[in-house]
2 protein chains.
Amino acid sequence: MPRRARRLGLEPDPTPPKQPLSTQRIVSAALEQMRDKGYEGVSMRSVARALDTGPASLYVHVSNRDDLDQLVLDQVMRLVDLPEPDAERWQEQVRHVARGMLAVYRAHPGTARAALALVPVYEGGLRTTEGLLAILLQGGVPARPAAWFCDLLGLYVAAVAYEEVLWEQREDGEGEESVVRRVADAFDQLPAGRYPVLAANVAAMAAGEGDDRFEFGLDVLLGGLVTAGARHAAG
Amino acid sequence: MPRRARRLGLEPDPTPPKQPLSTQRIVSAALEQMRDKGYEGVSMRSVARALDTGPASLYVHVSNRDDLDQLVLDQVMRLVDLPEPDAERWQEQVRHVARGMLAVYRAHPGTARAALALVPVYEGGLRTTEGLLAILLQGGVPARPAAWFCDLLGLYVAAVAYEEVLWEQREDGEGEESVVRRVADAFDQLPAGRYPVLAANVAAMAAGEGDDRFEFGLDVLLGGLVTAGARHAAG
DNA sequence: TTCGTTTGTAGAACAGTGTTCGTAAACGAA
DNA sequence: TTCGTTTACGAACACTGTTCTACAAACGAA
């Protein structure tokens with residue numbers, strides 16, 4: 001506090017002014033930690049520590065841990081480009097938004113996990129839902145299928161992103177005891193007697209290193225929206 | 001121990017034999033608690049308490065909390081009926097399995113939450129995946145799309161079930177401060193300036209009380225599988 | 001039957017978690 | 001300058017999953 005320093009007239013304290021807390025600063029710190037240390041690396045205490053304060057101080061600006069996660073997601077989802085709805089290209093536009101969301105999750109590991117945990121009550125951010133809904137409606141999709149589809153797509157993207165993050169954690173060494181490792185082991189030594197079909201198709205399950213799998217999901221969802229939407233409108 | 005009672009010859013101790021711990025007993029206790037008190041109502045300590053022991057004792061039979069969750073899911077997913085694959089009716093059979101999984105989640109609240117958390121590394125149980133894969137392959141779906149589709153369907157069913165559980169918790173009173181309540185409030189007072197499309201379609205988003213929404217999702221996924229699968233095979 | 005050795009049982013403790021309470025300091029209006 | 005409200009924060013509460021360690025029971029060999 002400069003005022004106090006002036007008052008005392010000596011020993012300009014080395015600690016900088018220490019700007020006051022704010023929701024924005026808390027969200028930024030949490031986002032940074034999520035990006036660097038993953039979702040489990042973030043706690044109210046660690047965020048408080050980064051801001052050089054105690055955990056109780058956060059609760060003035062943030063009502064909850066869930067609330068904080070939601071604010072972080074809100075912030076990060078602002079980075080997704082939302083094109084102006086164009087009825088001619090609505091399917092490609094939906095793909096564009098979905099890819100944008102995936103890119104954001106990838107660039108900020110940890111947020112994918114938060115999104116998956118919140119997706120049933122949050123749908124991956126109001127802003128992106130708004131943008132998607134506008135595109136779908138412009139494309140002629142009826143309101144109810146369009147709304148439900150937004151849910152579905154948000155869930156799908158978050159799940160794919162989270163799965164990717166887990167696999168990357170495994171590859172980043174030291175994951176000898178990770179969750180993914182256990183799954184991989186379980187797949188390697190599948191009891192062929194009990195699960196013959198699965199054992200015979202392990203390769204197909206594990207396949208899809210790159211974006212093929214994600215794009216396949218987009219194909220399924222969009223193709224299904226067209227056919228199911230048509231049936232819904234007709235029946 | 002009856003032997004000791006005979007040895008002492010008096011005071012047949014009132015505590016029953018207290019059968020030894022086992023993985024099965026632990027899983028059953030955990031499942032029961034998940035059904036009655038929801039996912040957050042279960043902890044290693046609460047399970048241990050129900051078995052009249054301390055938490056450390058569980059770790060002999062169960063390596064992990066995640067492990068326990070997975071065992072619980074394995075157990076509960078055994079209840080799902082898996083029909084003999086029939087190429088003529090494969091789509092209806094997929095629907096049947098999906099409905100069976102949803103019914104199981106509904107009958108055991110708390111397991112849906114566990115499944116959603118584990119679904120990226122677990123796919124909703126090896127047994128159901130095996131059954132689904134067999135049906136799809138019999139139906140003529142290529143291996144890779146079939147395998148990926150199993151992932152997708154497992155994710156979808158778990159998410160729908162979890163969402164339903166949250167809404168039921170809200171209706172079961174005392175949920176004044178629940179997560180869903182906050183979402184509902186947020187939807188009620190949507191800033192129409194920032195989210196005009198969303199505000200105009202709140203009804204459509206909230207719609208789908210019964211199974212309509214779930215069945216719509218099935219329509220989308222199955223319809224999309226057919227069209228995308230065709231494209232995948234062709235291109 | 002006695003003696004190790006293995007196995008299952010738990011109490012206590014560790015290192016964390018989210019959250020609340022009460023108090024102390026800072027700030028803007030009167 | 002005083003008052004009232006807002007912000008800050010150390011301490012503490014009630015938990016969590018997990019590990020350490022001592023202890024007792026069970027079992028196979030002598």
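So you know, we letter chains A, B, ... as the sequences are listed, proteins then strands, and number each from 1. None of these values were measured; they are calculated from a predicted model.
Applying the salt bridge (Lys or Arg N to Asp or Glu O under 4.0 Å) test to Arg45(A) and every residue at least two apart in sequence or in another chain returns nothing. Scored by the side chain to side chain contact (heavy atoms under 4.5 Å, CB included) test, Ala117(A) finds no partners at all (sequence neighbours excluded). Residues that satisfy the side chain to side chain contact (heavy atoms under 4.5 Å, CB included) test with Ala98(A), not counting sequence neighbours, are Leu153(A), Val157(A), Phe214(A), Leu218(A). For Arg99(A), the salt bridge (Lys or Arg N to Asp or Glu O under 4.0 Å) test picks out Glu92(A), Glu215(A), with sequence neighbours left out. Take Ser46(B) and apply the side chain to side chain contact (heavy atoms under 4.5 Å, CB included) test, not counting sequence neighbours, and it matches Gln33(B), Lys37(B), Val42(B), Ser43(B), Arg49(B). Residues forming a salt bridge (Lys or Arg N to Asp or Glu O under 4.0 Å) with Glu32(B) (at least two apart in sequence, or on another chain): none. Applying the salt bridge (Lys or Arg N to Asp or Glu O under 4.0 Å) rule to Arg106(A) yields the partners Glu164(A), Asp211(A); only residues at least two apart in sequence or on another chain are considered. Under the side chain to side chain donor-acceptor pair (under 3.5 Å) criterion, Asp36(A) pairs with no residue, sequence neighbours left out.
Whole-Å rounding puts the Leu58(B) CG to dT19(D) P distance at 13 Å. The CG-C1' distance, from Leu21(B) to dT7(C), rounds to 13 Å in whole Å. Straight-line distance from the CZ atom of Arg65(A) to the C1' atom of dT17(C): 10 Å, rounded to whole Å. Rounded to whole Å, the distance from CD1 on Ile26(B) to P on dG8(C) is 11 Å.
Evaluation of the salt bridge (charged side-chain N to carboxylate O under 4.0 Å, His left out) test over residues 192-207 of chain A, restricted to residues two or more places apart or in two chains, returns none.
Nearest-nucleotide mapping onto DNA chain D: of Ala56(B) and Arg49(B), the residue sitting toward the 5' end is Arg49(B).
Contact annotation: Ser57(B) does not reach the phosphate of dT9(C) (side-chain N/O to OP1 or OP2, under 4.0 Å). Residue Thr53(B) has a polar side-chain atom (N or O) positioned under 4.0 Å from OP1 or OP2 of dA10(C). For dT18(D), the OP1/OP2 oxygens have a side-chain nitrogen or oxygen of Asn64(B) closer than 4.0 Å. Residue His61(A) places none of its side-chain N or O atoms closer than 4.0 Å to OP1 or OP2 of dT6(D).
Heavy-atom distances under 4.0 Å link DNA chain C to Ser43(A), Met44(A) of residues 33-44 of chain A, given in residue order.
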Watson-Crick or G-U pairs under 3.5 Å in DNA chain C, rendered as dot-bracket with [ ] for crossing pairs and | for another strand: |||||||.||||||||||||||||||||||
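Nearest heavy atoms, Glu163(B) versus Asp151(A): OE2-OD2, 3.9 Å.
For the residue pair Tyr59(A) / Asn64(A), no side-chain donor-acceptor distance below 3.5 Å is found, with atom types taken as modelled.
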Mind listing the N/O atom pairs, protein and nucleotides 13-15 of chain C, below 3.5 Å?
unit_1, atom_1, unit_2, atom_2, d
dA13(C), N6, Arg45(B), NH2, 3.2

